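The structure appears right after this line, and notes come after that.
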Amino acid sequence: MMINNIIVNTEKMNNKTFIKFSPSFRSGFVMLIVFGVFLGLGILAFTLAFMKTGTIEQLGKNIDQNRLAVIAHAANNEAVAYFKTNVNIPGTRIFNCWKNMFDTPAITDLPKSLGEFTFDDADPLANSKAICDSIPGYGIKLKTRINMIVTGKVNTKRAPAYIGHLEVKSQAVDRKGGVVEIKERRDLKYVDLRDFFDKYILYVKNHSFDYNQSQRRLILTGIPKAKINWDGVYSRAYLGNRFHPKTDEENLIGGADKLPLFFDLDHFRSDCVTFLKSLLNVDPLNPVYLDPTDVNAKNSAKNVTFWVKDPSIKFNSISGISRNELYSYSHIKEHYLKIIKAAQDAAGTAGSDVKMKSVAGAILDDYKNASGGDYSGCSVFQAIVQTFIDNWKYFYGYTTASAIWNLDDGSMSLKTFPKVTHFSGITTYGAEMTGGANPYNLERYRVGRMPFIYGRNGDTPILFEGNLFFRFFKVAFFDEFTTKLSAILPGAFKSSASPQDLEVDFFVSAIPLDFVSPKSSIAAADFLRKYRPVDSTSWAVTAKPALSSADQIEGPLMSRPVDCLPVNRLLPAKPLRMIQGGTKANYDPKNGPLPFPEQSGAAGMAEGSRFFPHFDLPAIAYFYKTPQDFVNERVTLENGKKILNIDGKIFIESGELKLEDINLYRGQGMIILGKGNCTLASLRRAPVVAGGTSVPATLRIYLSGGSFVVAGNDNPVVIEASLIALFQSPPDPSKQDYQGKLLAKNHNVKIKGNLIVDFFFTEASTTSTGLPLNGELEIEHDEEIFSPRVPGRISVGTVKTFFSMNAAGGSF
């Protein structure tokens, strides 16, 4: 059989046909297979050789690009770190680009670049340059550009805020011309950290009951004038009166918001001695003593009354008192009725002298001219009135609550001095204020010792806002006298119609002049309550003085509190005050107190209870769900100490913010806690960076639904921060549960910053939430809060909002 010219033999076996090749054919086929294998191997070897060359080259290019990408990325990271480190430090070129943005007109034409910075070989990023230098032979050049861009303004009501982004672009180029450029963006928040409350050392919205707490001390130390940049501008304090307990007094003065608050001077305390010298131009340490007839009374007044304007004043030298007023004076009537009673007894006594009976009868005949309680038609009564006018001496002196009541033990029991008859007129003060079903004003009887309002030494003035007055007390009496009572009677003998002279010994004991409250029914009729001059010196007045009449505190003859001197009378005449926006204006303390916060401007004053720290959510740099999330991210451990890192405005939704184991913080910013308390032990700013290139850290903590709780073992607990606890939306703002406050928890506390609260107290009556017995709460106004050197803060977002990499060529 011929198959393709190849002869083969065929065999049939078991009905199957087989082809058999000849031996020569088999050898050729093997050769063909071997040749095919070698051909395949050759093609494979050629292919592998070509692929090796391309792959190696491509891998090399990838490595070069990755190297450049890593370096460019490192440069971006270093540039961001450089920006974060320097953007809030005065003197750096980045800081200088935006330092005045909050003190100039609003930025317009947005978006707008605030500054662009390029780093190259002449001005390298040190760490990235070191990486380039560590790779020899590649000649890598690096260039980085930073750009701060403002894209929008937050519509804030007070402090301005802006949003924008930081654009960072780094380009790495090697000697072969390879280039990689990486560009990224991060959010920026530009916020002015200054707040409405910064100028206040203490701001209290609601009525407080214990500013005059004698067993616990409040010490306010304002900014020393030498450190204030504006002449005449002082630290200020606002003491509000919202939720004042209901009183009869508010009905007389036109509303509870006009009710006054008082600081009780203590003439035994050195700072108060200084104040009294300034207010009254007297020296409480060298007083003129009262000189009544009774030796015991004279000795009792020594070292107790700090000032006596005149040892005694003759009653007949006091102008403006009519005889008709004296006719109704109860003490004169009492003496007349005693004579009538004696005449009645004498006329009815058996065996009495005829003449005595006749005199008694004449007195009784004269008494018939009385009409009810009006004795002005009686000759004997007229003689008695004249005798009082001719012989009375009026005494008055000034003292303070510490001389009248036992304050140190809190008992308010009377001391020895007011128990002496001559000075006991002031003892009716408490009963008049607190007695009856509708007390005149219970709060007026919360007397004590005023806080240290100008620091411990009384030398750092503060401008006060609110209806706030100093208080001390006047004690007054008519001195005793003995004389002859002379009267012309209608007839000494019944058988004679001719008038006869009557002359008898007449003794009048000292008469304390009791305090009578304005609500008393006798107040209007009693000449002792009428404002009248007692002499011709600067204190003399002819009408009821207005609260502004600081020189006109004298007037009523009775014992009384002297409580119409505004606290700001201690300031120099017409000091400057700064209102919102940096405007300065003069204020004359003689015009009375400043009832509203003056920073709200001269027009359209708002009540102090209406102010809150202002923040807008777009200006918030960091948001946290819980305080623990905040602590986990913003607390670092350095040298065994926990440090809180503050950066701009930080918002925490709700929870208990426990910072008692954190004692240091750095940065500038405000923590805003939506709801919850904040527990603090000593918390101080971390030391500034060596070399003076940094500024002190500042921290404001705003609790919009909670209170500050003091913890720790330090004595005192020192907190260097602005503490603000004002309930934003309380269910019932009149209840203390819904009022922000400082709970000292039996700790002495020193705040270097300021304190802004709804409700203030140093002592709690039922729990240990106040200061310890004889404890102190000292607030020292921090000048970095009052007038921060760096008012604004730029915060950099932690997330890249844009990222791109370009290896096709650079853009700069």
Side-chain angles (χ1 to χ4, degrees), residues 212-215 262-273 275-277 279-280 282-313 331 392-435 444-450 470-481 508-517 528 534 553-554 556-563 565:
N212 294 308
Q213 205 354 287
S214 297
Q215 297 176 289
F262 303 105
F263 280 167
D264 280 312
L265 291 161
D266 179 2
H267 68 283
F268 297 114
R269 210 172 76 187
S270 61
D271 63 320
C272 291
V273 169
F275 298 160
L276 288 166
K277 286 181 179 180
L279 289 167
L280 309 175
V282 299
D283 185 359
L285 300 181
N286 295 289
V288 177
Y289 292 121
L290 289 168
D291 191 21
T293 303
D294 185 80
V295 175
N296 179 53
K298 179 178 179 178
N299 293 334
S300 298
K302 286 184 177 180
N303 301 318
V304 176
T305 52
F306 67 82
W307 183 36
V308 174
K309 194 165 185 188
D310 193 325
S312 67
I313 298 173
H331 284 282
W392 249 346
K393 287 184 178 180
Y394 173 65
F395 285 80
Y396 70 104
Y398 296 91
T399 188
T400 55
S402 56
I404 302 172
W405 294 279
N406 285 304
L407 305 175
D408 293 330
D409 61 4
S411 67
M412 291 297 293
S413 59
L414 289 173
K415 287 190 170 182
T416 301
F417 164 69
K419 292 179 181 179
V420 176
T421 300
H422 299 63
F423 314 117
S424 61
I426 195 61
T427 62
T428 60
Y429 176 72
E432 289 281 354
M433 291 294 101
T434 63
R444 281 182 176 267
Y445 192 52
R446 293 187 185 273
V447 297
R449 293 188 179 93
M450 64 182 288
F470 285 122
R471 181 169 57 188
F472 53 96
F473 291 87
K474 169 188 172 182
V475 290
F477 60 93
F478 291 137
D479 197 20
E480 63 186 63
F481 66 87
V508 176
S509 60
I511 299 175
L513 304 183
D514 295 344
F515 168 75
V516 182
S517 78
L528 295 175
V534 296
I553 63 173
E554 195 41 69
L557 300 184
M558 65 177 183
S559 302
R560 68 185 186 100
V562 180
D563 54 12
L565 283 171

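What you see below is based on every heavy atom in this structure, not just the backbone, and it leaves out hydrogens, waters and symmetry mates. As the structure is a prediction and not an experimental result, all values here were calculated from the model.
Using a 4.5 Å heavy-atom threshold, the side chains of Y396 and L290 count as separate. Inter-residue side-chain proximity for E480 and V508 is flagged as unmet; no heavy-atom pair is nearer than 4.5 Å. Side-chain contact check for F481 versus T293: every heavy-atom pair is 4.5 Å or farther apart. Side-chain contact between M412 and L407: present, with at least one pair of heavy atoms (C-beta onward) separated by less than 4.5 Å. Taking 4.5 Å as the limit, every side-chain heavy atom of V562 sits out of range of all side-chain heavy atoms of F473.
Contact between F268 and A403 at its shortest, heavy atoms only, is CE1-CB, 4.3 Å.
Between L513 atom CG and F477 atom CZ the span is 9.0 Å, to the nearest 0.5 Å. Interatomic distance, CZ of F515 versus CZ of R560, reported as 9.0 Å (0.5 Å rounding). Separating the CG atom in L276 from the NE2 atom in H267 is a distance of 8.5 Å, to the nearest 0.5 Å. Here the NZ-CH2 distance, from K474 to W307, works out to 11.0 Å after rounding to the nearest 0.5 Å. Here the CD atom belonging to Q215 is positioned 7.0 Å from the CG atom belonging to D409, to the nearest 0.5 angstrom.
In this structure a side-chain-to-backbone donor-acceptor pair under 3.5 Å is missing from T428 to D514. When atom types are taken as modelled, the side chain of N212 and the backbone of F262 share a donor-acceptor pair closer than 3.5 angstrom.
With ring centers used as reference points, F395 lies 6.0 Å or more from F478.
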Steps toward side chain to side chain contact (heavy atoms under 4.5 Å, CB included) verdict (M450, D266) | CA-CA 7 Å; M450 64 182 288; D266 179 2; over 6 Å; no
Stepwise, does the side chain to side chain contact (heavy atoms under 4.5 Å, CB included) test hold for D563 with R444?
-> CA-CA 10 Å; D563 54 12; R444 281 182 176 267; 2.9 Å; yes
When you look at V273 and L285, which way does the side chain to side chain contact (heavy atoms under 4.5 Å, CB included) test go after all the steps?
-> CA-CA 8 Å; V273 169; L285 300 181; 4.0 Å; yes
With side chain to side chain contact (heavy atoms under 4.5 Å, CB included) as the test, would you mind laying out the steps for R471 and T400 before giving the verdict?
-> CA-CA 8 Å; R471 181 169 57 188; T400 55; over 6 Å; no
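The salt bridge (charged side-chain N to carboxylate O under 4.0 Å, His left out) analysis of residues 393-402, with sequence neighbours excluded, yields no pairs. Sorted by first then second residue, the side-chain hydrogen bond (donor to acceptor under 3.5 Å, both in side chains) pairs that include residues 294-305, not counting sequence neighbours, are Y289-N303, D291-K298.
Residues meeting the side-chain hydrogen bond (donor to acceptor under 3.5 Å, both in side chains) test with R446, sequence neighbours left out: E443. Residues passing the salt bridge (charged side-chain N to carboxylate O under 4.0 Å, His left out) test with D479: none are found, sequence neighbours excluded. Partners of S509 according to the side-chain contact (heavy atoms from CB on, under 4.5 Å) rule, which considers only residues two or more places apart in sequence or in another chain, are F507.
Aromatic ring orientation, Y429 versus W405: tilted (interplanar angle from 30° to 60°). Classification of the F472-Y398 ring pair by plane angle, with boundaries at 30° and 60°, yields perpendicular.
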What donor-acceptor contacts under 3.5 angstrom involve side-chain atoms of residues 414-425, with partners at least two apart or in another chain?
residue : atom : partner : partner atom : Å
K415    : NZ   : S402    : O            : 2.7
S424    : OG   : T421    : O            : 2.8

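N406 and S411 share no donor-acceptor pair across their side chains, judged by distance under 3.5 Å alone.
Classification of D264 and R449 as a salt-bridged pair fails, no side-chain N sitting under 4.0 Å from a carboxylate O.
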